[in-house]
2 protein chains.
Amino acid sequence: MTWVIGIDVGGSKIALGLVSPDDQILSRRRIDTDADEGVDVVTARISTQVDSLKRDLPPGETIAGVGVGAPGLLDPVSGDLYMLVNLPGISNTPFRAILQEKLRLPVRLDHDAKVAALGEFHFGAGRERDSMVYIVVGTGVGAAIIYQGNLIYGESNSAGESGHMTVDPNGRLCHCGSRGCLETYAGGPALAKQYALASGVTVSGAEVTRRAAAGDAAALLVLREAGRALGIAIASIAMTLNIELFVIGGGVASAGDLFLDPARESLKDYCFESVAAKIKVTASALGEDAALLGAAFLAR
Amino acid sequence: MTWVIGIDVGGSKIALGLVSPDDQILSRRRIDTDADEGVDVVTARISTQVDSLKRDLPPGETIAGVGVGAPGLLDPVSGDLYMLVNLPGISNTPFRAILQEKLRLPVRLDHDAKVAALGEFHFGAGRERDSMVYIVVGTGVGAAIIYQGNLIYGESNSAGESGHMTVDPNGRLCHCGSRGCLETYAGGPALAKQYALASGVTVSGAEVTRRAAAGDAAALLVLREAGRALGIAIASIAMTLNIELFVIGGGVASAGDLFLDPARESLKDYCFESVAAKIKVTASALGEDAALLGAAFLAR
């Protein structure tokens with residue numbers, strides 16, 4: 001087994017971790033990104049931090065490879081990045097090829113939700129399981145399905161857009177142009193908007209989850225509605241695929257049972273009793289480390 | 001390659017086909033069943049028809065095996081049948097073992113939707129494809145998902161209950177106890193019920209599809225609503241799995257584009273444009289033969 005580096009590209013920061021042969025994150029770095037940075041600047045900054053991590057290696061050890069998880073549209077086979085929401089300068093670039101050349105190391109790239117799912121599956125809430133659905137509920141809502149040990153990519157690499165499953169055909173308009181998408185109920189901006197409507201106070205989605213934890217009634221109601229929408233989507237996925245473990249990550253999931261209990265409840269309302277009885281809905285065990293460990297797994 | 005027999009167990013009849021090494025149905029038999037028949041009577045009647053089919057074999061040829069598709073709850077590994085809606089006497093029996101002993105031939109058993117999906121995938125609308133979702137819309141609504149050539153069974157053998165995906169969380173009550181299931185919009189009894197509400201006339205679901213084909217306005221409206229519900233479910237499956245071929249079988253699908261065009265239309269309303277653009281929704285190419293040919297495939 002070998003030492004690898006896992007990289008988690010986020011909306012406003014990039015996290016890097018040096019991962020040991022026994023899958024421990026032994027050293028970390030963080031880059032705060034600016035939206036106007038281009039691919040050359042960002043990959044150069046990553047390269048600097050990779051060099052810095054290398055100095056934390058035990059004597060005589062080397063890095064065998066680098067794994068990267070990134071949000072947006074990308075092709076895991078070619079390594080091209082088509083669209084990265086908060087880093088437009090990286091969009092439409094052969095990201096993996098450029099990074100690979102700068103690092104002089106093999107690089108593998110995949111969607112952030114799939115990478116985090118790999119982390120949870122191999123080292124977190126999905127250990128000892130055969131199949132798992134990972135749903136990340138943050139600003140956006142995405143999913144990754146692992147069936148019998150393998151990620152499902154779909155025919156055009158766009159599986160996992162479960163944030164745009166319809167949970168109410170007459171529901172809220174979504175930025176995707178559709179109506180009633182899960183994301184319009186459970187995503188961070190949806191929490192912020194519904195909280196503002198309920199309380200007259202405008203705060204971020206993250207603040208809504210904090211206020212719910214502190215007992216704020218309006219925040220609790222908003223989280224409950226979000227959780228119930230998640231439960232409907234889980235029920236529909238479960239009825240179709242009969243996968244029995246759902247691991248929920250992302251910022252909104254940090255609300256824990258305030259968010260997950262309503263999901264478990266509505267899951268029962270919208271699913272065969274015999275199917276629902278076997279389903280476990282649980283929060284991510286690794287939190288933000290899921291992506292780093294999953295990226296490291298990808299690199300091996 | 002070898003000669004096999006495919007058997008399609010339905011609600012009120014059992015169809016049998018003698019299938020040649022090049023996957024042609026060369027001879028057929030049909031058994032009309034009574035609801036009060038037990039497993040010994042039904043398997044004895046099947047055995048008689050299998051003997052009859054054997055006499056149609058070319059000289060010197062033998063049957064290598066038998067495949068059976070059946071509706072209801074069953075375990076494809078053990079071959080036990082737990083619940084068969086219109087043949088309660090067969091419920092909770094080791095159906096495959098009993099049939100195998102009577103026939104003195106290897107028997108394989110699987111769900112009717114999965115068996116029909118195998119037929120369409122290998123010999124019908126799914127030939128040359130890698131992945132496919134088959135949805136059967138009849139009295140009940142079920143599905144079978146083939147991903148990269150393999151049927152998805154799920155962790156407890158209950159994948160494919162997509163008839164109970166939620167298409168409207170505030171929608172119609174379903175016999176399963178849930179609300180807004182696809183089946184409450186698209187299944188035959190739903191067509192009959194909605195047509196009775198719209199026209200004051202009580203007819204079967206099959207008659208509603210016939211009347212729609214004849215231009216009956218109320219029947220067309222009912223089929224349109226059914227098709228739109230199907231499109232919502234297809235959109236949600238497509239967003240999660242990114243499978244691009246949906247083959248629709250069963251009695252309601254015999255209405256063809258009167259049912260499928262509204263599905264294609266609402267699919268576009270509830271799905272990313274880029275995803276919807278690649279999706280093909282098509283009627284079963286083999287009709288009732290899908291199950292016979294799929295059962296024969298299973299037997300090989």
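Below, chains carry the letters A, B, ... as their sequence lines are ordered, and counting in each starts from 1.
Taking 4.5 Å as the limit, some side-chain heavy atom of B/M165 sits within range of a side-chain heavy atom of A/T240. Looking at heavy atoms from C-beta onward, A/N170 lies in side-chain contact with B/D168 at the 4.5 angstrom threshold. B/N157 is not listed as a side-chain neighbour of A/N242, based on a closest heavy-atom distance of 4.5 Å or more.
Ranked by heavy-atom pairs under 4.5 Å with chain A, the list B/C176, B/A238, B/S131 is led by B/S131. Listed options A/A233, A/C181, A/G160 were ranked by heavy-atom pairs under 4.5 angstrom with chain B; first place goes to A/G160. Taking B/A235, B/A159, B/A144 one by one and counting their heavy-atom pairs under 4.5 Å with chain A, the maximum is reached by B/A159. The choice from A/S266, A/S158, A/S162 that makes the most heavy-atom pairs within less than 4.5 Å of chain B is A/S158.
Nearest heavy-atom pair, A/Y153 versus B/Y147, reported as atom, atom and distance to 0.1 Å: N-OH, 3.1 Å. Shortest non-hydrogen contact noted between A/I232 and B/P169 is CD1-CB, 3.6 Å. Contact between B/S178 and A/D269 at its shortest, heavy atoms only, is OG-O, 3.1 Å.
No side-chain donor-acceptor contact under 3.5 Å links A/E155 to the backbone of B/I243.
With a 4.5 Å cut-off on non-hydrogen atoms, A/L182 does not touch chain B at all. Heavy-atom distances place the side chain of A/I145, and not its backbone, under 4.5 Å from chain B. Proximity to chain B (any heavy atom under 4.5 Å) is shown, for A/Y270, by both the backbone and the side chain. For a residue to count as touching a neighbouring chain, one of its non-hydrogen atoms must lie under 4.5 Å from one of that chain's; by this rule A/V167 touches chain B with the backbone only.
Judged purely by distance below 3.5 Å, without hydrogens or angles, the side chains of A/E244 and B/S156 pair a donor atom with an acceptor atom.
At most 12 non-hydrogen atoms from other residues, nucleotides or ligands lie less than 6.0 angstrom from CZ of B/R108. Remark: B/R127 CZ is loosely packed, at most 12 non-hydrogen atoms of other residues, nucleotides or ligands lying under 6.0 Å away.
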